[in-house]
Amino acid sequence: MPTVIVIDVSLSVTRPVILPETGETYNRQQLAVCGINTLLDFLAIHSKLEFVSLIAFSSLYEIISPFTRDFDALKLKLQQLEEYDKTCIETALHGVNRLVLGEWGNATPCQVVLVTDGSPGVGPMSLKHSLSTLAQRDPASPFPLPFSFPGKLSVVCIASTDDPGLQLGLPLYHRLVELAGSDSAVLVPEGPLSVKSVQTMFQKLSEANFASFQGMLKCGNLGSQIILSPSPQPFCKANDFESVKRSISDTIEVCGFIDVTDVGSPMAISRHLVLPHPTGKIEGISAGVKVEVDSEDESMVDEGKIPSFCVLLHGALKVENMAALCVLAEEWFGFVYSWADSKKKSNLMLTILEPGSNVVPWLGDLNRLGSLEDFHSMNQENELEPSFPVRPLEKRSYSQNCVVWIRQAGLQSDIQKILRHARKLPDKTQQFYKELNRVRRAAISFGFIELLDGLAAIFERECTLLPGTAHPDCALQLTHAAGVLHKPYSRDFNYNITALRTKFINDD
Amino acid sequence: MKSLKEIFQNVLIQQNKIAAGSDQLITVHHCHLVIINVYPNNVESQVTGHPPKDLSAILTTEVHSVKAGGQIASKLSNLILNHYDLGSTTVTGIPMKEEQNASSSANYDVEIFHSSAAHTSILKGNAADSALIRTQREGADYETVTLKWCTPRGCSASEMQNCIAMHRITPVDVNSRPSSCLINFLLNGRSVMLEMPRKSGGKMISHLLAAHGGEIFVHTLVTARSVLEDPPSISEGCGGRVTDYRITDFGVLMQNNKLVPLKRKFDKTHTETPLSRMRSRLDRHTKYWPITISSTFIFNLKNYIDPLPALLVKEEMTDEEVVKCKQVIYSLINLETKHEPLQTPNMGQRGKGPKREEQYRIMWNELETFLRANCRTDQHNRVLNCLLECRNKSDDEKNKLEKKDDKVELDQALRELDQFGKFSEASPNEYVPRATVIRATTDSPMSPPPISMTPSPSVPSRPSLLRSGPTAGGSIYSGPRTVLDIWVSRTSTEQRSRDMRQEFAGRLNGDAIAGGGSITKLYPNLKDSDCGGREMHIDG
């Protein structure tokens with residue numbers, strides 16, 4: 001999950017703080033940088049694949065670093081921050097929206113960590129001013145919260161709890177995170193302001209928001225400890241009468257396998273890399289032969305050499321071009337399959353479907369999927385073996401040959417079709433009469449009786465225009481059809497115009 | 001028209017009053033009334049339309065006036081966009097062959113309707129890009145998003161696309177020639193990618209049109225940068241450098257556990273769904289399933305043991321299947337008595353492999369582990385008993401074995417097998433002790449010690465057992481004990497280790513030192529006048 005760190009570089013951040021531990025003087029920005037480094041260190045250990053971007057703001061904002069996985073480079077940039085004028089949080093949040101939308105679009109969940117000194121600014125464009133003018137926004141440029149992407153805002157204040165500025169600002173920050181929604185929060189260091197208290201606060205923030213997902217991928221008795229990257233977010237959805245919030249369980253169990261072509265590309269709420277956990281030991285699972293490593297040897301044994309079920313599963317899924325259907329939680333499913341970004345590096349990928357068992361129409365109810373053997377044991381009579389896709393009961397209008405004459409072109413194209421067949425008589429005799437009867441029935445249903453006479457006239461005219469090379473049947477059939485169309489019995493809906501018999505070889 | 005609206009409003013208020021006084025009814029909070037006045041083509045309408053207007057807090061009205069011929073259809077399709085929250089996409093540049101002129105193809109446009117949510121990802125992104133693709137359609141009062149047909153290489157519907165939303169579609173002109181051409185193309189199983197131009201130049205694929213089971217869907221694909229870009233390869237992670245995974249075998253397991261839609265409903269009384277049956281099925285299929293080739297022996301002997309593994313993982317076995325399994329065991333016994341080596345196609349890379357006697361020992365033990373893991377019915381038990389009987393286990397011992405807790409035994413077996421795995425990494429010489437370790441595996445802590453060990457209480461621990469060599473180990477399996485066995489088992493540990501392995505020369509010749517241990521001079525012959533050996537080596 002990409003992270004944007006937004007750091008306040010207004011003048012007020014340079015206020016000095018005398019550290020209680022050593023008596024040294026730091027300014028708040030230095031403390032903030034210490035804290036952010038804690039966060040970056042945490043990410044470097046737990047989520048190496050995260051992207052982090054850095055924005056500095058005062059009355060304007062500046063993208064110090066675009067999204068990167070190079071945490072050391074970010075740390076270096078943090079050392080080079082300068083001070084500017086006053087705090088203006090709204091501008092910064094607009095900047096965040098623009099940056100994230102441009103980079104990740106509006107569907108990727110992102111974390112936003114706003115680091116400020118607890119003073120929400122003064123005058124126009126201060127946080128107080130922004131919040132008081134919420135109702136007077138132009139719909140074209142709304143307030144930047146909630147974010148235009150699924151985002152979570154953490155406001156981190158580098159201020160001690162007894163700071164009078166913070167006392168003023170805190171309610172405003174709370175209002176801000178309320179607007180941001182989705183479990184956003186305000187963090188204030190516990191106790192007096194010090195390097196340690198700030199680091200503890202950031203450590204807490206990291207553990208709460210950036211912890212990686214650790215779990216188990218199981219297939220019967222085989223399994224392996226895994227990490228999902230990025231870690232899956234709880235699923236929240238407000239339905240008509242209730243709001244749903246669910247998280248996936250830490251055991252992902254394979255239930256069976258489906259060809260990738262049958263799976264199609266179902267809608268997914270997120271995708272995650274499935275990485276085997278390096279220290280993952282398989283416990284309580286008794287299958288296969290596992291090399292267990294004595295604790296003292298652990299560091300020496302190359303983890304690349306310990307067989308992992310994930311690698312086996314990946315290899316087989318890739319070779320067979322299949323996907324594994326997995327249960328993620330009760331009534332919640334996903335697919336695990338081999339995925340390659342470039343052609344060379346492939347990895348195991350988990351696609352999380354929307355919760356529910358009926359989320360992919362062409363697979364049917366996922367709880368009703370079973371083995372062929374089960375099918376055979378249930379069906380004594382020789383029924384056809386079931387296969388994907390599951391077809392809906394009703395046929396769609398576009399897959400039926402229905403008559404639509406809402407525009408002139410619709411009627412014209414139907415008549416042209418009959419004439420096209422007419423010119424290719426006798427090869428297209430069947431199609432000619434099929435189309436003719438279709439149009440005739442539609443005309444009778446609509447009460448458009450004039451069309452029948454019109455058609456007859458068209459056929460008679462066609463007869464006179466036939467080229468000399470035309471088959472004699474052509475004229476015969478057209479005259480026959482025109483003749484029948486003039487007859488009153490052809491106005492009966494149930495009547496079917498049939499071809500004139502022109503061959504009497506096998507007469508009976 | 002005004003009176004019509006007022007009548008409606010009054011009825012609505014009346015109904016709400018009734019609902020307010022009732023326990024079962026809820027009041028209407030808001031109502032949107034759309035009046036469409038349809039008039040004949042040859043008459044001028046007296047009614048003028050107006051856009052939605054709030055008549056009161058609970059009623060919004062709009063009026064449309066259209067000619068019966070030609071206008072009503074387009075008016076209705078315009079109205080449904082709002083009422084069903086639909087969006088319009090025009091697929092442009094569809095190449096189609098003309099019937100008259102089959103060699104060339106012309107480009108057509110087809111307009112489709114679908115849920116407006118299909119567009120959110122591209123319209124809410126970059127404003128400049130979305131302005132480029134939104135156009136007003138002629139004669140329509142709504143916007144359509146124009147996306148270009150494209151059929152790129154290396155990107156198809158048969159792969160898992162990163163799809164964040166999917167919605168059903170319908171063509172606006174159901175039976176126009178271009179529409180039906182596109183629809184049939186899709187219904188025949190092919191898919192179409194749609195791409196949008198970008199202001200910054202270049203294009204990107206934003207949607208996928210594909211039919212699934214006779215229904216056509218538009219899949220919204222992720223157009224933004226992926227958080228998963230530049231992922232590590234699985235071979236870089238843990239287990240990535242192991243090269244002998246049983247991938248083909250797992251592929252077979254996957255094919256055997258393929259999911260199919262079961263149309264007929266399971267018995268209502270059946271609490272278990274087909275999918276949960278599938279989970280227990282997978283559980284059965286993986287009771288004993290070594291994941292690498294080097295950690296198994298029996299699964300490399302397919303030509304000998306098939307179809308036994310496939311039959312044994314079944315939930316229940318028929319008599320016929322039991323007979324088949326027994327036949328496998330009998331034929332293996334037969335081979336063993338004929339002293340035929342077991343041919344393993346995959347063992348080639350590991351040198352000449354174990355000797356024939358060890359082969360059989362390893363095979364019997366692993367087979368027993370496999371049978372025990374899969375022993376779930378009486379029929380399965382019959383196969384296991386057959387194996388045990390064939391290997392001359394006394395009835396008494398067998399009965400005890402059966403009563404044992406399966407789990408403990410299996411764990412023990414696996415722990416021992418791990419040891420076995422470790423040894424296999426070492427030199428081929430180690431195969432000798434390995435066979436003995438394997439022997440230990442099938443015995444749980446509760447089972448009586450192996451026959452050959454009983455008379456020799458001086459050999460209590462495994463390390464000494466490891467050194468006991470092939471003679472002692474071999475007798476356990478090759479039938480009743482011989483005089484040699486008894487003699488061997490009665491000799492002391494010291495004696496035996498001396499017999500089996502020559503003591504290191506340095507230790508034998510060393511000068512004892514004060515603190516215990518001994519010192520031996522290295523290369524005692526180095527300074528000797530006779531250096532012939534070395535010179536010869538250079539010359540030769």
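Per chain, numbering begins at 1; letters A, B, ... match sequence-line order. Only this structure's heavy atoms are used, side chains among them; waters, hydrogens and symmetry mates stay out.
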Q. Any idea which of B:R246, B:M254, B:M278 has the most non-hydrogen atom pairs under 4.5 angstrom with chain A?
A. B:M254

Q.
Quick check for you: among A:P389, A:S357, A:A316, which has the greatest number of heavy-atom pairs under 4.5 Å with chain B?
A. A:A316

Q) Does any heavy atom of chain B fall under 4.5 Å from the side chain of A:L275, the backbone, both, or neither of them? A) side chain

Q) Can you tell me how far CG of B:L208 sits from OG of B:S191, rounded to the nearest 0.5 angstrom? A) 5.0 Å

Q) Quick one: do the A:D414 and A:W405 side chains pair a donor with an acceptor below 3.5 Å? A) yes

Q: Heavy-atom distances under 4.5 Å only: say whether A:R271 touches chain B with side chain, backbone, both or neither.
A: both

Q: Sort B:I183 into side chain, backbone, both or neither according to what part of it lies under 4.5 angstrom from a heavy atom of chain A.
A: side chain

(Q) Under a 4.5 Å cutoff for heavy-atom pairs, which residue among A:G102, A:G364, A:S413, A:P361 has the most contacts with chain B? (A) A:P361

Q. If you tally heavy-atom pairs under 4.5 Å against chain B, which of A:E253, A:K395, A:H272 wins?
A. A:E253

Q.
Heavy-atom pairs under 4.5 Å with chain A - which of B:D283, B:V260, B:I247 has more of them than the others?
A. B:V260

Q) With only heavy atoms counted, which part of A:T108 is less than 4.5 Å from chain B, the side chain, the backbone, both or neither? A) side chain

Q) What parts of residues 162-171 of chain B touch chain A if we use heavy atoms and a cut-off under 4.5 Å? A) B:N162, B:C163, B:I164, B:A165, B:M166, B:R168, B:I169, B:T170, B:P171

Q.
Minimum heavy-atom separation for A:A324 and A:L317, please, with both atom names.
A. N-CD2, 4.0 Å

Q.
Minimum heavy-atom separation for A:T351 and A:A268, please, with both atom names.
A. CG2-CB, 3.3 Å

Q: Side chain from CB out, backbone as N, CA, C, O: work out which of these in A:R69 comes under 4.5 Å of a heavy atom of chain B, or both, or neither.
A: side chain

Q) For A:S229, is it the side chain, the backbone, both or neither that has a heavy atom under 4.5 Å from a heavy atom of chain B? A) backbone

Q: Please flag which part of A:V263 lies under 4.5 Å from any non-hydrogen atom of chain B: side chain, backbone, both or neither.
A: side chain

Q.
With a 4.5 angstrom heavy-atom cut-off, is it the side chain or the backbone of A:F335 that approaches chain B, or both, or neither?
A. side chain

Q. Within the side chain of B:N188, is there an N or O that forms a donor-acceptor pair under 3.5 Å with the backbone of B:N184?
A. yes

Q) Closest approach of A:V260 and A:A323, non-hydrogen atoms and distance? A) CG2-N, 3.9 Å

Q.
Checking the side chain of A:D259 only, and the main-chain atoms of A:T261 only, is there a donor and an acceptor separated by less than 3.5 Å?
A. no

Q) From B:D173 CG over to A:Y398 OH, what is the distance, rounded to the nearest 0.5 angstrom? A) 15.5 Å

Q) Are the side chains of B:L253 and B:T286 in touch, meaning some heavy atoms are under 4.5 Å apart? A) yes

Q | Polar side-chain atom of B:Y245 near backbone of A:S308 as donor-acceptor pair, under 3.5 Å | A | yes

Q: For A:S346 and A:A340, indicate whether the former's side chain and the latter's backbone hold a donor-acceptor pair under 3.5 Å.
A: no

Q: Among the options B:N256, B:I72, B:L275, B:L282, pick out the one with the most heavy-atom pairs lying under 4.5 Å from chain A.
A: B:L275

Q.
Let's test your reading of the structure: which of A:D262, A:I258, A:N347 forms the most heavy-atom pairs below 4.5 Å with chain B?
A. A:N347

Q.
In the structure I gave you, are the side-chain heavy atoms of A:N321 and A:Y337 within less than 4.5 Å of one another anywhere?
A. no

Q: Answer with side chain, backbone, both or neither: which region of A:V359 has an atom nearer than 4.5 Å to a non-hydrogen atom of chain B?
A: backbone

Q | B:I216, part contacting chain A, at a heavy-atom distance under 4.5 Å | A | both

Q) Where do B:H212 and B:F217 come nearest, in terms of heavy atoms and distance? A) CD2-CD1, 3.5 Å

(Q) So for A:E103, is it side chain, backbone, both, or neither that comes closer than 4.5 Å to the heavy atoms of chain B? (A) both

Q: Pick one of side chain, backbone, both or neither for A:V254, based on which atoms fall under 4.5 Å of a heavy atom in chain B.
A: both

**Q.** B:H207 (side chain) donor-acceptor with B:A118 (main chain) under 3.5 angstrom
**A.** yes

Q. Between atom CE of A:M1 and atom OG of A:S270, what is the distance when rounded to the nearest 0.5 Å?
A. 10.5 Å

Q) Which bit of B:H285 is near chain A, if near means a heavy-atom gap under 4.5 Å: side chain, backbone, both or neither? A) neither

Q: Supply the atom-to-atom distance A:E394 CD to A:R396 CZ, rounded to the nearest 0.5 angstrom.
A: 4.5 Å

**Q.** Part of A:V311 lying under 4.5 Å from any heavy atom of chain B
**A.** both

(Q) Quick check on the interface: out of A:E50, A:M322, A:K48, who has the most heavy-atom pairs with chain B under 4.5 Å? (A) A:M322

Q: List the atom of A:M349, the atom of A:L273, and the distance in Å for their closest heavy-atom pair.
A: SD-N, 4.1 Å

Q | Contact winner vs chain B - A:L363, A:L348, A:V327, A:D365, heavy-atom pairs under 4.5 Å | A | A:V327

